[in-house]
Protein chains: 2
Amino acid sequence: MKLIDIVGGTPLPLAYRIAFITNFYREPLLRRMEREFGLMRPEWTILICLNFRDALNPRDICEITEQPRNTISRGVAALVRKGLVEQASDPEDARRVVLRLTDAGRAMYDAVMPMFVEGEARLAATLTEAERRTLQELLDKLCRNVGHWRS
Amino acid sequence: MKLIDIVGGTPLPLAYRIAFITNFYREPLLRRMEREFGLMRPEWTILICLNFRDALNPRDICEITEQPRNTISRGVAALVRKGLVEQASDPEDARRVVLRLTDAGRAMYDAVMPMFVEGEARLAATLTEAERRTLQELLDKLCRNVGHWRS
DNA sequence: CAAAAACTGTTCCACATGGAGCAATTCCGT
DNA sequence: ACGGAATTGCTCCATGTGGAACAGTTTTTG
């Protein structure tokens with residue numbers, strides 16, 4: 001009796017399998033990240049956002065990730081304490097704070113990300129190249145239509 | 001600037017899209033469940049397990065779901081308080097407890113599940129029938145090979 | 001047969017997270 | 001230009017969750 005047997009028997013053929021994969025892929029890696037790098041999840045989220053586009057406001061990150069403001073606020077504070085992010089005041093709006101990755105912040109991103117990439121590689125290794133391409137296209141279609149199905 | 005743009009730009013083409021879908025599908029529905037039905041997530045997990053196969057031990061549920069013992073213990077205690085689950089002592093092993101859904105427990109399951117089914121229907125509606133079948137097969141292949149890629 | 005080891009379920013404790021409210025600043029309507 | 005509304009970021013608070021230790025029971029080992 002394993003979880004997959006139950007998952008296969010529920011009336012949620014897609015959603016449960018997707019949640020199942022998320023649980024067993026992401027959760028253990030996030031735990032390891034917390035243990036080995038001392039990064040909390042919101043901090044990692046912020047690093048990802050800033051690595052993709054620098055000089056964001058906390059508000060932008062909230063909008064992008066749809067996480068509560070206080071969560072992002074605490075995450076930023078922790079990253080600043082660790083010297084991974086610098087905050088400057090926005091000259092155009094005194095309420096806003098401009099966030100930038102420091103070199104240490106980029107180094108942290110480069111140190112953590114390979115762990116997830118390796119997990120992705122193991123995941124992808126169970127599929128053929130054609131299957132991978134197909135799966136990615138279908139998932140991408142779902143993601144891009146998030147506005148139609150999000151609850 | 002939306003999350004999907006960042007997701008598409010990371011070196012995790014599959015995993016990030018899957019996590020993205022999980023976040024925007026499951027999270028809002030779980031919040032609604034907590035609000036409207038007063039069920040916590042571990043309690044819902046336990047209901048799903050017992051609906052699939054009755055007379056499980058807490059230990060079984062821990063093994064199936066790979067959740068910590070104390071989480072399941074608290075969930076069971078809450079469900080018993082609410083009259084959704086009954087616990088009896090196992091005559092073969094005094095350490096063990098046998099869990100069974102009550103009629104109210106089954107009714108709760110039947111009341112909550114349609115919410116998730118509806119969300120699944122919206123999700124599936126963005127794909128054609130053939131795409132749905134293909135996606136389910138690929139996801140199923142990943143799930144069944146969880147032993148090869150789990151971290 | 002006795003003692004150590006393993007197992008099951010619970011409780012205690014630390015803490016990460018989300019909601020509500022707050023101060024400071026900017027925007028908008030009149 | 002002025003006063004109310006909206007926005008931004010932060011702090012307090014309640015709580016859900018996981019790790020570690022614990023008591024009771026069973027199994028294994030010497």
Side-chain angles (χ1 to χ4, degrees), chain A residues 23-24 26-47 49-50 55-82 85-100, chain B residues 23-24 26-47 49-50 55-82 85-100:
Chain A
N23 272 348
F24 286 94
R26 189 178 56 174
E27 210 58 28
L29 292 177
L30 288 173
R31 299 283 169 84
R32 231 181 93 194
M33 181 192 72
E34 293 170 352
R35 264 199 327 273
E36 298 182 9
F37 297 92
L39 274 187
M40 296 295 108
R41 292 153 197 229
E43 302 172 39
W44 179 232
T45 303
I46 295 167
L47 284 187
C49 290
L50 289 178
L56 293 170
N57 307 123
R59 189 207 160 278
D60 298 326
I61 300 180
C62 290
E63 187 181 345
I64 292 169
T65 65
E66 312 218 2
Q67 294 205 356
R69 290 192 298 280
N70 52 4
T71 297
I72 300 301
S73 178
R74 262 191 310 258
V76 168
L79 290 170
V80 169
R81 262 198 310 278
K82 296 172 185 174
V85 163
E86 285 177 341
Q87 40 189 359
S89 52
D90 187 331
E92 299 195 354
D93 190 332
R95 293 170 302 183
R96 291 184 179 165
V97 173
V98 179
L99 305 173
R100 292 182 192 280
Chain B
N23 272 349
F24 286 96
R26 190 177 56 173
E27 210 59 28
L29 291 178
L30 287 173
R31 299 283 167 84
R32 231 182 94 194
M33 181 192 72
E34 293 170 352
R35 264 200 327 274
E36 298 183 8
F37 295 93
L39 273 187
M40 297 295 107
R41 291 154 198 231
E43 302 172 40
W44 178 233
T45 303
I46 295 166
L47 284 187
C49 290
L50 289 177
L56 293 170
N57 307 123
R59 188 206 159 278
D60 298 326
I61 298 179
C62 290
E63 188 181 343
I64 291 170
T65 65
E66 312 218 1
Q67 296 207 352
R69 290 191 297 280
N70 50 7
T71 297
I72 299 300
S73 178
R74 264 191 310 258
V76 167
L79 289 170
V80 168
R81 263 197 310 278
K82 297 172 183 173
V85 164
E86 284 177 341
Q87 42 188 357
S89 52
D90 188 331
E92 300 193 354
D93 190 334
R95 294 171 301 186
R96 291 186 179 161
V97 172
V98 179
L99 304 174
R100 291 180 193 282

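Below, read A as the first sequence line, B as the second, and so on, with proteins coming before strands; counting in each chain starts at 1. Since this is a predicted model, take the numbers as computed values, not measurements.
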Discussion item. Within the 4.0 Å limit for protein heavy atoms, which parts of nucleotides 9-16 of chain C are touched? Write it as a string from 5' to 3', B for base, S for sugar-phosphate only, - for none.
Written reply: BBBB---S

Worksheet item: Could you give the CZ-to-C1' distance, from B:Arg35 to C:dA20, as a whole number of Å?
Response: 15 Å

Worksheet entry | Non-hydrogen atoms of B:Pro28 and B:Asn23 that approach each other most closely | CD-O, 3.4 Å

Fill in: Steps toward side chain to side chain contact (heavy atoms under 4.5 Å, CB included) verdict (B:Asp93, B:Asn57)
CA-CA 11 Å; B:Asp93 190 334; B:Asn57 307 123; over 6 Å; no

Worksheet item: Which angle, rounded to 10°, do you find between the first-five-pair axis and the last-five-pair axis of the helix from C:dC1-D:dG30 to C:dT30-D:dA1?
Response: 20°

Worksheet entry | B:Asp90 side chain to B:Val97 backbone, donor-acceptor under 3.5 Å | no

Response to the item:
Applying side-chain hydrogen bond (donor to acceptor under 3.5 Å, both in side chains) to B:Glu36 and not counting sequence neighbours gives B:Arg32

Worksheet item: Does A:Thr71 have a side-chain nitrogen or oxygen under 4.0 Å from the phosphate oxygens OP1 or OP2 of C:dG18?
Response: yes

Response to the item:
Here the gap from A:Leu50 atom CG to A:Glu86 atom CD, rounded to the nearest 0.5 Å, amounts to 11.5 Å

Discussion item. For a 4.0 angstrom threshold against heavy atoms of chain A, report the outermost contacting nucleotides of DNA chain D in 5' to 3' order.
Written reply: D:dA6 to D:dG18

Worksheet entry | salt bridge (charged side-chain N to carboxylate O under 4.0 Å, His left out) involving A:Arg41 - partner list, sequence neighbours excluded | A:Glu27, A:Glu34

Discussion item. Test of understanding: with salt bridge (charged side-chain N to carboxylate O under 4.0 Å, His left out), list the residues that count as partners of B:Arg59, not counting sequence neighbours.
Written reply: B:Glu63

Discussion item. To the closest 0.5 Å, what do you measure between CE (A:Met40) and CG (A:Leu30)?
Written reply: 10.5 Å

Item to complete: Report yes or no: does B:Ser73 contribute a side-chain atom to a donor-acceptor pair with the main-chain N or O of B:Arg69 at less than 3.5 Å?
Response: no

Worksheet item: Given A:Leu79 and A:Leu39, is the side chain to side chain contact (heavy atoms under 4.5 Å, CB included) satisfied, shown in steps?
Response: CA-CA 9 Å; A:Leu79 290 170; A:Leu39 274 187; 4.1 Å; yes

